[in-house]
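Taking it in order: structure first as structure tokens, then the write-up.
Remember, it's a predicted structure, so these values are computed and weren't measured experimentally.
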Amino acid sequence: MRDIYADIPGHGKHKINAAHAFGGPELLRKTIKENFDIDLQYYAIIDFKGFVHLIDEAFPNGVEVNVEKDMSANIGVRLEQGKQRLDGEHLLGYVRFRHDAIGDFGRVERQQKVMKEVASQITSFQTIAKLPKLVGVISPYINTNMDAADIFYIGQDFLTHNRKVETLRIPVDGSYENQRISGAGAVLAIDLQENRQAIHTFLSK
């Protein structure tokens, strides 16, 4: 969710990503419930190091990605245009890049693209056999209210049933306008009802 201006319980209206800074995952969960009527039970927050280690362990030969343009600004690595296999550090740089014509929306599209690529490339007997090790690799870098058994069960179910990753960007097209709010800076003022309905429709598929 890109800089959406929303109600944060106990803190008034702010950028929605400020909820985590104000009160951690629990306040973010309450904020999503307040604005979008989605009652999240579980969360998992993975830091940059965890992402790099997980990709390198799961994909020793890298993740195949078609990089749409040369990239280097503020991502710590240099990427060249074209189809290639990216290790964890370079894949992290790819999903963090935001310096193009559509800014944060472009970054969201790249993040969704990588999620789908990782999901499609990770389904193999070799990866399933490595699942316990992958859980061990990621555990020091993850903040979650799930235990290792939950993570292992969800991962095994995903891999063995070859489930697809579906994505939705909030705000949806045509449901927001750019505004500048004193104390918050540049924000997206959204049609809450339209986006709430879009999420519920997406989740009911």
Using the rule that two of Ile, Leu, Val, Met, Phe, Trp, Tyr join whenever any of their side-chain heavy atoms come within less than 4.5 Å, decide whether Tyr42 and Ile45 are in one cluster. no

Pairing donors with acceptors under 3.5 angstrom, does anything connect the side chains of Gln41 and Asp39? yes

Common cluster, Val118/Phe48, ILVMFWY with side-chain heavy-atom separation under 4.5 Å: yes

Candidate pair Asp150 and Thr144, rule side chain to side chain contact (heavy atoms under 4.5 Å, CB included), full reasoning: CA-CA 11 Å; Asp150 291 331; Thr144 181; over 6 Å; no

Any residue meeting side chain to side chain donor-acceptor pair (under 3.5 Å) with His90, in chain and number order, not counting sequence neighbours: Asp87

Are Ile4 and Asn195 close enough that some pair of their side-chain heavy atoms sits under 4.5 Å apart? no

More than 12 heavy atoms from other groups under 6.0 Å of CZ on Phe22: yes

Quick check against the 3.5 Å criterion: does His200 have a side-chain atom that pairs as donor or acceptor with the backbone of Ile38? no

Taking only residues two or more places apart in sequence or in another chain, which ones pass side chain to side chain donor-acceptor pair (under 3.5 Å) with Glu26? Arg29

Rounded to the nearest 0.5 angstrom, the CE-CD distance for Met115 and Glu166 is 10.5 Å

Do other residues, nucleotides or ligands put more than 12 heavy atoms under 6.0 Å from the CZ atom of Phe202? yes

Does the Asp56 side chain pair with the main chain of Gly88, one donor and one acceptor, at a distance under 3.5 Å? yes

For Ala44 against Ile142, the heavy-atom pair lying closest together: CB-CD1, 3.8 Å

Could you pull out all residues at least two apart from Pro132 that satisfy side chain to side chain contact (heavy atoms under 4.5 Å, CB included)? Phe152

I need the single residue from Leu28, Asn17, Ile16, Thr31 that forms a side chain to side chain contact (heavy atoms under 4.5 Å, CB included) with Ile8. Which is it? Thr31

Neighbour count >12 (heavy atoms, 6.0 Å) for atom NZ, Lys13: yes

Side chain to side chain donor-acceptor pair (under 3.5 Å) against Gln197, all qualifying residues, sequence neighbours excluded: Thr201

Between CG on residue Leu79 and CZ on residue Phe97, distance to nearest 0.5 Å: 9.0 Å

With rounding to the nearest 0.5 Å, note down the distance linking NE2 in His99 to CD1 in Ile75. 9.0 Å

Contacts of type side chain to side chain donor-acceptor pair (under 3.5 Å), residue Lys33, not counting sequence neighbours: Asp37

Can you check whether Glu64's main-chain N or O pairs, donor with acceptor, with Gln121's side chain at less than 3.5 Å? yes

Please find the pair of heavy atoms, one from Ser72 and one from Arg78, that lie closest to each other, and give the distance. OG-NH1, 3.9 Å

Is a donor on one side and an acceptor on the other found under 3.5 Å between the side chain of Lys130 and the backbone of Glu57? yes

In Å, rounded to the nearest 0.5 Å, how long is the span from CD1 of Ile138 to CD1 of Ile46? 4.5 Å

With Asp100, the salt bridge (charged side-chain N to carboxylate O under 4.0 Å, His left out) member among Arg107, Lys69, Arg110: Arg110

Please answer whether the main-chain N or O of Asn66 pairs with a side-chain N or O of Lys113 as donor and acceptor at a distance below 3.5 Å. yes

Taking all non-hydrogen atoms of both residues into account, name the closest pair between Ile55 and Val63 and its distance. CG2-CG2, 4.0 Å

Applying side chain to side chain contact (heavy atoms under 4.5 Å, CB included), run through Phe51 and Leu91 and close with a yes or a no. CA-CA 9 Å; Phe51 177 89; Leu91 190 64; 3.9 Å; yes

Of all the heavy-atom pairs spanning Arg85 and Gly62, show the shortest one and how long it is. NH1-O, 2.9 Å

If hydrophobic clusters are built from ILVMFWY residues whose side chains come within less than 4.5 Å, do Val137 and Met146 share one? no

Does some side-chain heavy atom of Pro25 sit less than 4.5 Å from a side-chain heavy atom of Asn145? no

Looking only at the aromatic ring of each residue, does the gap between the centers of Phe105 and Tyr176 stay below 6.0 angstrom? yes

Heavy-atom pair with the smallest gap, counting every atom of Pro9 and Glu34: CG-CB, 4.2 Å

Where the side chain of Lys15 meets the backbone of Val187, is there a donor-acceptor pair that is under 3.5 Å apart? no

Asp3 side chain vs Leu188 backbone, donor-acceptor pair below 3.5 Å: no

Does Phe59 belong to the same Ile/Leu/Val/Met/Phe/Trp/Tyr cluster as Tyr94, with side-chain heavy atoms less than 4.5 Å apart forming each link? yes

Sequence-distant partners of Asp157, side chain to side chain contact (heavy atoms under 4.5 Å, CB included), two or more places apart: His161, Arg163

Under 3.5 Å, side chain of Asn35 to main-chain N/O of Asp7, donor-acceptor pair present? yes

Note: Val172 and Ala198 closest approach over all heavy atoms is CG1-CB, 3.8 Å

Say you draw a straight line from OG of Ser204 to CD1 of Ile199; how long is it, rounded to the nearest 0.5 Å? 12.0 Å

Enter the distance from Leu86:CG to Leu92:CG here, rounded to the nearest 0.5 Å. 11.0 Å

Transitive ILVMFWY side-chain link Leu203 to Tyr43, under 4.5 Å: no

